[in-house]
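Here the structure is laid out as structure tokens; the discussion comes afterwards.
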Amino acid sequence: MTNDLLVQYLAAFLFIMGTLVVILRRDTIMVLMGIELLLNAANLSLVGFSNSSHMIEGQMQVFFVITIAAAESAIGLSILVNLYRNFGSIKTEMATTLKG
Amino acid sequence: MLSPVIVILASISAILAVMMLVSKNAVTSALALLGILIMTAGIYGLIGEHLVATIQLVVYAGAIMVLFVFSIMLLNLNKLEPAFGLKPMVFMGVTAVGLLIGGVLMKALYSHFTIHHANRVMGPFSQENVKSLGGNSKVLSFALFSQYYISFEVISLALLTALVGAVVLAKRKID
Amino acid sequence: MAETMNSSLPLLILLSPLIGFFINGVIMPLVYRGFAKTPANTAGGIATFFIGLSFVMALIVFVTLKGDSSHDPSLVINCFEWFNFGGLNIPFELRIDKLSGLLVMIITGIGTLIHLYSISYMHEEECVGRYFSYLNLFCFNMLLLVMGNNLALLFFGWEGVGLCSYLLIGFWYSDTEKANAGKKAFIVNRIGDLGFLIGMFLLFRELGTLSLTGISELLHNPEVVARITPSATLICLSLFVGATGKSAQLPLYVWLPDAMSGPTPVSALIHAATMVTAGVYMIARLNPLFELSPVALSVVAHVGAITALFAGTIAIAQTDIKKVLAYSTVSQLGFMFLACGVGAYQTAVFHLMTHAFFKALLFLGSGSVIHACSGEQDMTKMGNLKKYLPHTHLTMLIGSLAISGIPFFSGFFSKDEILYSAIALPNGISYLFIIGVLTAALTALYTGRMMALTFYGTERLSHDVKHHLHESPALMTFPLYVLAFLAAAGGFLGVPHLLGDYLGHMPHFLSHWLDPVVPTKHMPLMAVKLPLHEAVVMIGSSVIAIVSYFAGVKLFSKVMFITDLIPGIAPLQKLLSNKYYVDELYDKIVVTPVRKIAEFSSGIVDKYVFDGAVNGVGRGVKWVSSGLRVIQTGDIQTYGIMMMLGILLTIFFIFKVFI
Amino acid sequence: MDSTSTILSWIIFTPLIFALLALVSPSFMETRLRTLTLIQTLVSAVLGIILYLQFDGASAQMQLVQFVPWLPDWGINYRLGIDGISLPLVMLTAFISPLAILGTWPHGELKKEKFFVALIMALQAGMYGTFLATDMFLFYFFWEVVLIPMFFMIGIWGGKDRIYATVKFFLYTMVGSLLMLVAIFWLIHSSTEFFGQPTASLAQLSEMKFAFDGSSLSSVFSSPQTYLFLAFALAFVIKVPMVPFHTWLPDAHVQAPTVGSVFLAAVLLKLGTYGLMRIAIPMFPQAAYYFSTMFIILGVIGIIYGAFCALSQTDFKKLVAYSSVSHMGYIMVGLFSFQKVAIAGSLYQMINHGISAGGLFMIVGFLYERLHTRNLNEFGGLAKIVPLMAIGFMIVTLSSVALPGSNGFVGEFPILLGAFQVHPMLVLFAGTGVILGAIYALKAYQMVMLGPQTTSHDVSHLHDLDGKEITAMVVLALFVFGIGFFPKTFFGKSDATLENYGTTLIEKSGNP
Amino acid sequence: MNLLEIFPLTSLTSDELFSLFPFFVLSFGAVVALLVGTHKTKGRGFAFLASFGCLFYSMIVGAAKLFANDINLLHGTLEMNSYSRSLNLILMLISMISIVVTYGQDKKEGLLPEVYSLILFATVGMMLMVSTSHLLFMFIALEIMSLPIYVLVAMRRTSRFSSEAGMKYFILGGLSSAFLLYGGALIFGATGSFDLLTISNRVAETQPSLIYYIGLGLITVAMLFKVGAFPFHGWLPDVYQGAATNVTGFMSAGVKLTAFMAFAKISQHLVYNETVAGLHWFHSFIWFIAAASMIYGNFVAISQTGLKRMLSYSTIAHTGYLLLGLMVLRRGVEDSRALILYLFFYALANLGAFAVISVFEEKNQKDLTLDQIAGIGSKHPILSTLFTIFLLSMAGIPLTSGFIGKYGLFSTAVNAGEIPLVVIAVLTSVVSVYYYLRVIVYLFMKEPTSEMATYQRLKGPTIAALISALATLEFGLFPKAIISFVRMFAR
């Protein structure tokens, strides 16, 4: 059991947690947070791997991923606002007019 | 040689993650996420990735979380109805599947680290090399502007898109 | 033996009625702007001219054909290639030898007379043009049937005459009965034709040719004979099925009585003189083949004999004059087949000829009677017409005497010869002879009855019929007289030895003349104490004939049915007058089932099985589809869960390989 | 082979050119469209005659071939050619089309006539193409293209249940042809292995041998030839149609406008048998021979079953449709009997059925135009009023009951004769079709023409055939009796091909 | 040692500059469109012109430099060779058509002028995605492609459907891209590189550990999500239905092509790599997914009454067929020809079909139903004929390019011995024929109903439909040119 493995374990756990949040929580804001968590987990694992094998690719990517995450959350939140405007709520089960 | 601090940080963030999943209040969850991010930053720091840790704190823990909390307040979503609209069976099932996948993942990681990790491809940037080259930040910055300029340039498109998109979607006036 | 003369005369004989058909069927309507518009005399004149023309030509050819019994100067002319591919070669070849020549003479000759007769018989009908064109077309097909030097051509004519009889029987088509009669005739014939086809196929498989010349040549070759003998029975029987259809033998005779709903001249020409004898002609023509199969021959003989008796019995209880004649035709044809069956082909042909004479005569006579009685056919409504229709009476009397086999009329010689050969020939069978004698008696009886009911006894005419009663015009009586002469004298072409010697007349002239084509079988009894046997048969039969004929005349000038004399047999009478309920039987066992099957197959099978399967698939797809679309709940969680399961699946697939 | 002659392309593309003409034709042409179509069909017929004259009956080879590279990468090229098998069918198409136009045009105003005309022309182009293509891909291309105009014809101008009928027609054919497509892929793929580079030329493809082992059932179903054959055969027998794949036909016929029915019966069905004759049987002879008995049995069932179904119909058009099922059964029997005579007979039967069925549908059309019903019970005794129609009807009836002297006999006699040499019992059964055929044909004739005059319609003022219809029927009658008496004259040019075809087929099929 | 030696600051050669030129031009154009779009009244027109012009210009440049020498920037971060250049060209064509479709549509649907610049951004993302062979750069490109599309989908701001669709797409898209990222991380962990080529070489040298395969599995899942294969298809019908129709067209054409090309590249390098052992699971997995997608898509499409939704299900089915094409890939790009052809022809048909639909849609309408188009063929023969052509092309009937595409795809599959799957494909495509035909039946053979759709008089979509129809027929009848073109660049 080493730090690297621990970090990877943590990353994996966070990743699963994030997935569960995205799938299980029913209000969009939580779901967005879940996605952030997912990205963060991925970052963690990237950094862990790259660090453990004395590389810097991982860290470099993390910068971009973080930026992307920022952009994504911005768009996500604006979509959420839009959803709120149209449905008066951000519950996902509200927005099920398209089905079948 | 497992460093206890990392263990502590990891376990805290794990607990926070669970909290985030189950908590009824969005703000609580947001704060839990914040916690996780900060813990992650801490771990980055401890394994010697200072620049990443800083950026993690600034961008993530700073900007993004503020954004979230702000929009929670904006749409005053802090009081949420029952969190999971799912039948308990389904909930348990999904969680079980998730954990199963997680377990498989961890097993794979374990085998990786026990079997293959030894003969992995090593890069030049061991801690001391980095030190000798003038520190983590310097190395990364050099790399950023020589090896990653394309990504660096391109990422601006993403940000611009985000900007435009946010404006387009959220702006009140409708013509 | 068949030297080919390059004379196109046979072709002209064949074509001339066809030309007549075209003129009456195509040109006249154009000239007169319409189908019903051609005047009777014009149409009749044209038709008669062309058939007469071919009669003349036939006469010329026939004269060139005469020759002694030794050789057969047959004309074979090849007109053009009909079929020729894949090893099937059927040239359009016409052949005139003594046999076909004789039949051509009969067809064209009697044909001409009947055309003449028809002119005045049909003159007040509409669409006479149609009628005469059909008649000509019939003559064409009939001539093709007898002249075709190839079974396929024979079949051509065979089906062609069937078509014409369909058209002519249904000439008054607006009457459903008559139309149905035509349809029935065609379809029953078709059943026979299938047998004929199968026979041809078998023959082709065995011999590889359908040409008559080829067949007869091959059958002179011993090892070919040896090869096909086993299958000969099958071939002959299936061909004979065709014959039973065309020549109205059991079990396919049912169409002929109904066919009487056609105009009477048609009955005379088609259903007495020519078409119905096609079967006899075919068997006589293929005699070398039939010789190979005693079984088939005896079947032919038995069917013939039984039919003869069967039809005779029916005839005796009929009241419709034409029905009587129809059944008598069936029974006479039975006689011919009996002759063929016992191997006396020449005798069959001989009887064919004489029968053509007297039966045509009788039909035309009855036509004249019906004409006179303004369409009345029921004999119970006639009687004592003798004094109104002298000519008709005279000619019909001769005819009836001929058919009954009163000595020295034509029927006497031919029938007598048949009876004689029924026992005298090697494969002759005595009980068939008995049947024959019985039938002969019956024939005389019902003919006498017919004469009596029609011409003698009390007058039973309804008033207005009586009012219009008149002797037929000369144009109708003339053919009657010609035929009467033939019916009376025709027999002298085949005088038996016994008399032949005394009459200083060359005995069995016709038979000897036909020898090269249809060889004689030598009669074993002929050598020893021949006169005695022949005398016995002859005298016996003539006595029977005379007795029963006059009995018939005498009895039935007073009463109409046997039941009136012997009340005990009323049920029998009923049975007979209903023709043994054969039509009803067929309706039960054939017609109804076919209709049922048809309704079943289109109503049930097609709708529910085949189509049901197809539509079922469609419905199944729709059902699955509506089932599948349920998982698209529109709720994002469902999709997420689906993805999760997808990942699980992936991992499962990965680990299936690794663990 | 290089492009020596372009006449085949002309035959294919003339209708298309006219179709474009019709589509762009200005509004005042609307009334002349029918004339335009007639002109087109006549032009095609003339081209057909020229083709017939150019064709050399002595040679069994593909003639007048044209070769234009199309998709050389995939071995696919625009290859056209004609031989004694396709010649009669092309001629049939060329002659039936003008007759159909003459005889069956609805008297009333037709909606969107422009498109109707264009579709008719496109349909012809497709049919010519299918008969003339000597490239597998091209063949499939045209084979599918034929569907589309027919689909629209039935669907837009059809009767009450037209949509059900047309969709059924399209899908049914689609199932078969898509499986055929897979088989085509397989063929071309193996051609890549066989010749080094892929080729879709029928000539080359038919040089390939596919393993076939008929020793046991398992071995049969483990040999590729079986699957290839079955895939092709399915596509074709659906088109023929062979029982039990026939159910689309009655619906399609009943719903289709008369022109459509005529083309469908006269030519489209022949695509199926042509496919069998050109591709399925000669390319996979052993498999074909192995399954021949099965197909003959199905054919015989088709003959009898179709006849029985026809027997109980009261809808005249349905009756004719089922009679088609019955008659096409003969062709199946002939093709799969592997006898030269029968194969030749089948080819003739294709033409003859085209003529007789076409004629019958024209008659149906005449009656429908005049009385607006197809119910046989509502006719009767018309012969007095419309004698010409009665005569025409009688003539096509004779041809359909295969009376000697009519063309029908020329087809059925050799088929039965040939098939009898190998399957006597089956032919005996098939022969009952001759009887049943007579029954339903005469029944139909009597119900329409004979008997007392019908009371369900006022038929006294019924007008007889007009000039165009007369022309159509006369030409038809000429064909009926011409072929009936002088088959050699009409089919002489096919002999060489048929001879060669039969010989090679029989020796390739391992037929003892 | 000196950092400059490790990270040398190289300057771009003119070749490299030229091959990056299209990206510059497009990004520039996007910004310009953004700016001119702010004009009060004619904003949309200007934005359209600007974006169209830039696209046109960059296409010319791209075409001119099509066969310039290959360049490879920063270990596969950008691989510009004739292959990727041509794909870029196709993508630019697609986005050009969809911009034309958007013109007119935008006013009707009340889309802001930014829509053009967003489309351009997305295009740049797509082009980057097909041009890179660097896993994480692929992630970035994917995001650059997806973010504008999230916005575009949600852009009918007053329509509940649109915002719902945007939400769904965003959430599930984010999830899937996270999978891609994490999968990339795992692969990186296993092999220590992001460059596909390097990875495949390393994998070939040493048997990778399990996380490599799991990472690959995650990436596969992400890709399958983007292309909308069966268990990951959930978003697709809803999003296609909810988005503005021009956007739907753009997605069904562009995103699909991009995702498939990326997927093809990944699987060519990481899976269909003879030297790597034990990747059969991938093959059988894709087999399963393909079959499931065909069956599911086609069967469910049957019971749809909305055209957009029906077409989206048919998209799932087509994904199945395309996966069939993916399975026959080998290392190198030869076999991707059939895939590219099919994708291109399918893109044309889809763009056209959705263009026609958009012509008949009301503002903020949920979907165009079959009843609405009943009997429209007699009122608008031209448009209906165009629509018919597109449907026939999707059904793969001859005369249309769809047939050529299907032919190429299936024959390639048969050559690779995938006959059972091809048979499934063929049988299910019979089902598809049924629902395509049903639309045609409604167009031409049904009687008009009361709620018959009204013609919206949109120039853009009509022109676009016309162009795509012509292209469809042209490639259907004379495919030689395009095929040899593909053959040329997919060398």
Side-chain angles (χ1 to χ4, degrees), chain A residues 1-10 12-21 23-27 29-30 32-33 36-37 40 43-44 47-48 50-57 59-64 66-75 77-82 84 90-91 93, chain B residues 2-3 6-7 10 13-14 17 20-21 26 29-30 33 36-37 40 43-44 47 49 52 55 59-60 63-64 67-68 71-72 75 77 80 83-86 91 94-95 98 101-102 105-106 109 113 120-126 139-140 143-144 148 151 155 158-159 161-162 165-166 169-170:
Chain A
M1 190 75 176
T2 62
N3 287 339
D4 306 334
L5 182 53
L6 177 64
V7 168
Q8 291 308 328
Y9 275 168
L10 180 59
F13 181 74
L14 290 183
F15 190 79
I16 296 302
M17 275 305 160
T19 319
L20 288 179
V21 170
I23 292 175
L24 292 177
R25 298 304 296 251
R26 308 217 75 178
D27 31 66
I29 189 98
M30 287 307 300
L32 297 189
M33 287 192 217
E36 294 307 322
L37 184 55
N40 182 58
N43 284 348
L44 188 53
V47 173
S50 132
N51 174 278
S52 70
S53 54
H54 301 170
M55 296 184 180
I56 58 164
E57 278 88 344
Q59 295 88 315
M60 300 311 302
Q61 295 304 337
V62 169
F63 294 147
F64 303 123
I66 290 176
T67 328
I68 295 282
E72 206 172 319
S73 60
I75 285 182
L77 286 168
S78 50
I79 286 180
L80 181 146
V81 169
N82 188 7
Y84 188 75
I90 55 164
K91 313 293 285 176
E93 70 261 38
Chain B
L2 199 57
S3 92
I6 294 184
V7 177
S13 50
M20 178 185 168
L21 175 59
S29 312
L33 179 57
I36 295 169
L37 298 176
T40 325
I43 293 173
Y44 290 156
I47 59 171
E49 304 295 347
V52 184
I55 290 178
V59 179
Y60 248 134
I64 301 181
L67 198 54
F68 270 98
S71 48
I72 293 174
L75 307 174
L77 308 165
L80 295 176
F84 319 101
L86 283 175
F91 179 79
V94 175
T95 325
I101 297 171
L105 207 51
M106 290 183 180
L109 286 165
F113 274 88
R120 66 188 186 276
V121 188
M122 295 301 277
F125 301 99
S126 58
V139 173
L140 289 187
L144 184 61
Y148 290 88
S151 317
I155 213 75
L159 291 172
T161 314
L169 289 181

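Numbered from 1 within each chain, the chains take letters A, B, ... in sequence-line order.
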Which region of [X], side chain (C-beta onward) or backbone (N, CA, C, O), has a non-hydrogen atom less than 4.5 Å from a non-hydrogen atom of chain B, or is it both or neither?
X	result
A:F13	both
A:T19	neither
A:V62	side chain
A:L20	both
A:Q61	side chain
A:L44	both
A:S50	neither

Do you know which two heavy atoms are closest between [X] and [Y], and how far apart they sit?
X	Y	value
B:L21	A:R25	O-NH1, 2.7 Å
A:M55	B:V121	CE-O, 3.4 Å
B:L140	A:F63	CD1-CZ, 3.7 Å
B:Y148	A:M60	CE1-CG, 3.6 Å
B:G98	A:I16	O-CG2, 3.5 Å
B:S13	A:L14	O-CD2, 4.2 Å

Picking from [options], which has the most non-hydrogen pairs under 4.5 angstrom with chain A?
options	value
B:L33, B:I36, B:T161	B:L33
B:A158, B:S3, B:G165	B:S3
B:A30, B:A166, B:A63, B:S126	B:S126
B:V59, B:V139, B:I43, B:L67	B:L67

- [ ] May I ask you to decide if B:I47's main-chain N or O and A:N51's side chain share a donor-acceptor pair within less than 3.5 Å?
- [x] yes
- [ ] Using atom types as modelled and distance alone, determine if a side-chain donor or acceptor of B:Y44 lies under 3.5 Å from a backbone N or O of A:V47.
- [x] no
TODO: Apply the test side-chain contact (heavy atoms from CB on, under 4.5 Å) to residues B:M20 and A:M17: give CA-CA distance (whole Å), side-chain angles for both, the deciding distance (0.1 Å), then the verdict.
DONE: CA-CA 9 Å; B:M20 178 185 168; A:M17 275 305 160; over 6 Å; no
How many angstroms lie between atom [atom1] of [X] and atom [atom2] of [Y], to the nearest 0.5 angstrom?
X	Y	atom1	atom2	result
A:I66	B:Y60	CD1	OH	6.5 Å
B:L37	A:M33	CG	CE	10.5 Å
B:S29	A:M30	OG	CE	3.5 Å
A:L80	B:S71	CG	OG	6.5 Å
A:F15	B:I101	CZ	CD1	9.5 Å

Open item on the list: Walk me through whether B:T40 and A:L10 qualify under side-chain contact (heavy atoms from CB on, under 4.5 Å).
Closed with: CA-CA 10 Å; B:T40 325; A:L10 180 59; over 6 Å; no
Open item on the list: Under the criterion side-chain contact (heavy atoms from CB on, under 4.5 Å), I'd like the reasoning laid out for A:V81 against B:L169: C-alpha separation, chi angles, the key distance, then a yes or no.
Closed with: CA-CA 8 Å; A:V81 169; B:L169 289 181; over 6 Å; no
Task: Pairing residues for A:S73 by the side chain to side chain donor-acceptor pair (under 3.5 Å) criterion, not counting sequence neighbours - done: none
Open item on the list: Checking A:Y9 against B:L105 for the side-chain contact (heavy atoms from CB on, under 4.5 Å) test, could you report, in this order, the C-alpha distance in whole Å, the side-chain angles of both residues, the deciding distance, and whether it holds?
Closed with: CA-CA 9 Å; A:Y9 275 168; B:L105 207 51; over 6 Å; no
Task: Which of A:D4, A:I75, A:L5 touches chain B most, by non-hydrogen pairs under 4.5 Å - done: A:L5
TODO: Counting only heavy atoms closer than 4.5 Å, note whether B:F113 contacts chain A via side chain, backbone, both or neither.
DONE: side chain
- [ ] Report the residues that fulfil side chain to side chain contact (heavy atoms under 4.5 Å, CB included) with B:L2, sequence neighbours left out, ordered by chain and then residue number.
- [x] A:M1, A:N3, A:L6, B:V7
